[in-house]
Chemist: 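Before I ask anything, here is the structure I am working with.
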Amino acid sequence: MLNVAPPNPALQLRPITPLDKLPSDADVVVVGGGIVGVATAWHLAQRGLRVVVCEKGAISGEQSGRNWGWCRNTLRDPREIPLMKISMADWRDRDVFGKLETGFRTTGIIYLTGRRPDDDGDYDAWLQSIAAYGLDSHMLSRRQVSELLPGCRRVPQKGALYTPSDGCAEPGWAAPAIAADAQRQGASIHTHCAVRGLETQAGRISAVVTEQGEIRCGGAVLAAGSWSRLFAGNLGLGLPSLNVRGSVMYTRPMPGGPEVSVVGRRFGWRKRADGGYIISQADATIFDIVPDCFKLFGAYAPTLAKSLKQLRLRLGSRFIEELKTPGRWSLDERSPFEEVRSADPAPSAFVLSQAASNLAASFPFFKEPAIEGSWGGYIDVTPDQIPIIGRSSSIDGLVFATGFSGHGFGLGPGGGRLAADIVSGATPCTDPAAFRPARFGL
Ligand SMILES: Cc1cc2nc3c(=O)[nH]c(=O)nc-3n(C[C@H](O)[C@H](O)[C@H](O)COP(=O)(O)OP(=O)(O)OC[C@H]3O[C@@H](n4cnc5c(N)ncnc54)[C@H](O)[C@@H]3O)c2cc1C
C-alpha cells in the first residue's frame with residue numbers, strides 16, 4: 001500500500017484504510033473522494049452495485065476537509081432547499097449517516113448581517129422565497145439576539161436571521177467516516193489513485209483509466225470538485241466552473257464559548273467538536289485571475305456584477321500555473337491530477353486578520369483567541385452557483401455530481417443520494433431539473 005502523507009496536518013483528517021488492489025471490473029467508478037463522491041458510493045454500494053472510488057490524494061483532502069463545517073438551510077438558494085432537506089435528514093438518520101462519526105450536531109446558525117458584508121440583511125425577501133418549504137428560519141429581535149449571544153456588541157437594528165435546525169459536522173471526519181462505511185458495504189476505495197480519463201465505445205463508457213490501471217465499467221460519476229472542469233475538458237466537454245480561494249483559521253479549545261454558529265460583518269465562526277473555533281469571513285473569497293476567467297467571462301458576467309464587492313481579485317502565480325497545465329493528454333501518460341495530490345493553497349493573511357479583529361471588536365469572548373493554524377482551499381463555483389447533477393447528454397454512462405459552489409459540505413449527502421438515484425435508475429429523491437447538466441450544454 002502506498003504511504004501517502006496527509007495533505008495538511010492542520011486539517012486533522014481521519015485516515016481510512018484504502019484497498020491495495022484495484023479491481024479490473026466494476027459497475028460504476030466514482031472520480032473523486034470528497035463528500036459528494038463518497039456519499040454517492042455509499043448509496044450505490046447499499047443498492048448492491050459494484051462501485052469503486054478513485055481519489056488522487058487523500059479522502060477529504062480538498063474542499064470537503066477544508067470547509068467551515070456548516071450544514072445550513074439559512075440563506076440557501078430556494079432551488080436547493082428540497083435537496084438540502086434530504087441532506088439534513090441523511091446527516092441525522094441513523095440508517096444513513098447519523099450512526100457514523102461525522103461530528104454532525106444541531107447548533108443553529110445566526111446571520112447578524114446579510115449575504116454581503118455591506119448589506120444589513122435582505123432577510124424578508126429570502127424568508128418569503130422559502131415560505132413554502134416549512135423551514136424554522138425566522139427573525140430574532142435585538143433583545144433575543146442579546147439573549148442568545150451574550151456580550152454581542154454589534155446587534156443590528158433589524159435583529160438577526162436564525163435557523164435553529166441548522167447544524168455542523170467535522171470536515172476532517174465526515175467524508176472519511178462515510179467512505180469507511182461504504183467500504184464495509186462493499187465499495188472499493190482507492191486513494192493516491194488519479195483517474196486520467198475515460199474510454200468509450202460507440203459513445204458509451206467502456207472503461208475508466210487510472211494511474212494504477214484500467215477498470216472496465218459501464219458508468220462513471222464525475223465528483224472531482226475543483227478539477228471537474230479540467231477532467232471534462234479532456235473529454236471535449238466545456239464544463240463551466242471557476243475556482244475561488246477561501247481561508248480558514250482555527251483556535252485551541254476555548255471553554256465556555258457559544259455553541260451556535262454565526263456570520264457577522266466581516267467575520268464568522270463555528271465551534272469545533274474539540275471546543276476550539278473555526279474563524280473566517282463569509283464571502284471574502286480571493287478570486288485568482290486565470291486564463292479560464294477570460295474564456296468563461298460571458299457565463300459569469302451576471303454573477304460577477306452582483307458579487308464584485310465580496311471578491312478580491314488577484315493576478316499572481318496561479319495564472320502562470322494554469323497556463324502551463326495541459327488541457328489535453330493521452331491516457332497512457334501522466335495526467336495533471338498526478339501532479340497535485342491535494343491542492344493546498346495559501347490562506348489569505350489579510351482576510352484572516354480582518355476576521356479576527358472584527359470578531360474581537362464584536363465579541364469580547366474572542367478578544368484573544370489562541371490561533372493554532374490555518375489553511376486555504378479552492379472552491380468550485382458554477383455560473384448560477386448551484387451544482388450540476390445529472391447525466392451527460394454526449395457520453396452515455398457519465399453522470400456529473402459537481403459544482404457545489406461553496407455550500408456542498410452540508411449538501412453533499414443529498415447530492416450523493418441524488419447522483420446514486422440517477423446512476424441506478426431509481427426514482428430521484430427530488431426533482432433534479434434545477435441541477436440538469438443540459439443547462440450548460442453538457
Ligand atoms: C474554505 C471553505 C469553506 C467552506 N465552507 C463550507 C461550509 O461551511 N458549508 C458547506 O456546505 N460547504 C462549504 N464549503 C464548500 C464545500 O467544502 C464543497 O462544496 C464540498 O466539499 C464539495 O465536495 P466535492 O466532493 O464536490 O469536492 P472535493 O471535496 O473537492 O472533492 C473532490 C475530490 O476529487 C479529487 N479528484 C479530482 N480530480 C481527480 C481525478 N482525476 N482522479 C481522482 N481524484 C480526483 C480531489 O483530490 C478531491 O479530493 C467550503 C469550502 C471551502 C474551501
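Both counts, for ligands and for their atoms, begin at 1 and track the order of listing.
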Chemist: Among protein heavy atoms, which lies nearest atom 13 (C) of ligand 1, and at what distance?
Modeler: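 Of the protein heavy atoms, Gly406 O, 3.3 Å lies nearest.
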Chemist: For the pair Val399 and Ser392, evaluate side-chain contact (heavy atoms from CB on, under 4.5 Å) and give the outcome as yes or no after the intermediate values.
Modeler: CA-CA 6 Å; Val399 168; Ser392 159; over 6 Å; no
Chemist: Checking the N or O distance criterion of under 3.5 Å, is ligand 1 in contact with Ile379?
Modeler: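 N/O-N/O distance under 3.5 Å: no.
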Chemist: Heavy atoms only: which of Gln63, His190, Glu62 lies closest to atom 22 (C) of ligand 1?
Modeler: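 Nearest heavy atom to atom 22 (C) of ligand 1 lies in Gln63.
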Chemist: Do Leu398 and Arg391 come close enough that some side-chain heavy atom pair is under 4.5 Å?
Modeler: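 A side-chain contact under 4.5 Å is absent here.
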Chemist: Name the option, out of Phe337, Phe404, Trp70, that contains the heavy atom nearest to atom 9 (N) of ligand 1.
Modeler: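 Among Phe337, Phe404, Trp70, the closest heavy atom to atom 9 (N) of ligand 1 belongs to Trp70.
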Chemist: Any heavy atom of Ala223 sitting closer than 4.0 Å to ligand 1?
Modeler: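 True for this residue.
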Chemist: Do Arg318 and Tyr378 meet the cation-pi criteria used here (NZ or CZ under 6.0 Å from the six-membered ring centre, within 45° of the axis)?
Modeler: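 Here Arg318 passes the 6.0 Å and 45° test against Tyr378.
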Chemist: Output yes when a side-chain donor or acceptor of Ser87 lies under 3.5 Å from a complementary backbone atom of Met84, and no otherwise.
Modeler: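 Pair absent, no side-chain N/O of Ser87 close to backbone of Met84.
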Chemist: Note the single closest protein heavy atom to atom 44 (N) of ligand 1, along with its residue, its atom name and the distance in Å.
Modeler: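 Protein heavy atom with the smallest distance to atom 44 (N) of ligand 1: Lys56 N, 3.0 Å.
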Chemist: May I ask whether Val248 places a heavy atom under 4.0 Å from ligand 1?
Modeler: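 Distance cut 4.0 Å: Val248 passes for ligand 1.
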Chemist: Looking at Arg47 and Asp421, is any side-chain nitrogen of the basic one under 4.0 Å from a carboxylate oxygen of the acidic one?
Modeler: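 Result for this pair is yes, salt bridge flagged.
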Chemist: Relative to ligand 1, is Trp227 under 4.0 angstrom through side chain, backbone, both or neither, heavy atoms considered?
Modeler: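 The answer is the side chain.
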Chemist: Where's the contact between Phe409 and ligand 1, heavy-atom distance under 4.0 Å: side chain, backbone, both or neither?
Modeler: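 The answer is both.
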Chemist: Nearest 0.5 Å, please: how far is CZ in Phe287 from CZ in Arg314?
Modeler: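 Atom-to-atom, Arg314:CZ and Phe287:CZ are 12.5 Å apart.
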Chemist: Does the N or O separation between Asp380 and ligand 1 drop below 3.5 Å for any pair?
Modeler: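 Between Asp380 and ligand 1 (N or O atoms, distance only) the closest approach is not under 3.5 Å.
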Chemist: For ligand 1, does Ser60 get within less than 4.0 Å through its side chain, its backbone, both, or neither, judged by non-hydrogen atoms?
Modeler: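 Answer for Ser60: neither.
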Chemist: Which part of Cys54 is near ligand 1, with near meaning a heavy atom under 4.0 Å away: side chain, backbone, both or neither?
Modeler: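 Only the backbone of Cys54 comes within reach of ligand 1.
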Chemist: Where does Val195 meet ligand 1, judged by heavy-atom distances below 4.0 Å: at the side chain, the backbone, both, or neither?
Modeler: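 Both backbone and side chain.
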Chemist: Return the residue, atom name and 0.1 Å-rounded distance of the protein heavy atom closest to atom 6 (C) of ligand 1.
Modeler: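 Of the protein heavy atoms, Asn67 CB, 3.4 Å lies nearest.
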Chemist: Determine, considering heavy atoms only, which of Ser87, Pro347, Gly61, Ser64 sits nearest to atom 29 (O) of ligand 1.
Modeler: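 Closest candidate by heavy-atom distance is Ser64.
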Chemist: If you measure every N/O of Arg76 against every N/O of ligand 1, is any gap under 3.5 Å?
Modeler: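 Such a contact does not occur with ligand 1.
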Chemist: I need the nearest protein heavy-atom contact for atom 48 (C) of ligand 1: residue, atom name and distance, please.
Modeler: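 Atom 48 (C) of ligand 1 sits closest to the protein heavy atom Glu55 OE1, 3.3 Å.
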Chemist: Ignoring hydrogens, what is the shortest heavy-atom contact between Ala169 and Cys71? Give both atom names and the distance.
Modeler: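 It is N-SG, 4.0 Å.
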Chemist: Using modelled atom types and a 3.5 Å cut-off, is there a donor and acceptor pairing between side-chain atoms of Arg245 and backbone atoms of Ala346?
Modeler: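 Such a contact is found between Arg245 side chain and Ala346 backbone.
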Chemist: What residue and atom, counting heavy atoms only, is the protein's closest point to atom 1 (C) of ligand 1, and at what distance?
Modeler: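 So the nearest neighbour among protein heavy atoms is Arg66 O, 3.4 Å.
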Chemist: With backbone taken as N, CA, C and O and side chain as the heavy atoms from C-beta onward, which portion of Val36 lies under 4.0 Å from ligand 1: side chain, backbone, both, or neither?
Modeler: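 Both of them.
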Chemist: Counting N and O atoms only, with roles assigned by atom type, does the side chain of Asp166 sit under 3.5 Å from a partner on the main chain of Asn73, one being a donor and the other an acceptor?
Modeler: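 Yes; judged by distance alone, with no hydrogens or angles, the pair exists.
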Chemist: Which bit of Val31 is near ligand 1, meaning a heavy atom under 4.0 Å away: side chain, backbone, both or neither?
Modeler: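 Side chain only; the backbone of Val31 stays clear of ligand 1.
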Chemist: For the 3.5 Å polar cut-off, considering only N or O atoms, please tell me whether Tyr378 and ligand 1 meet it.
Modeler: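 By distance alone, the answer is no.
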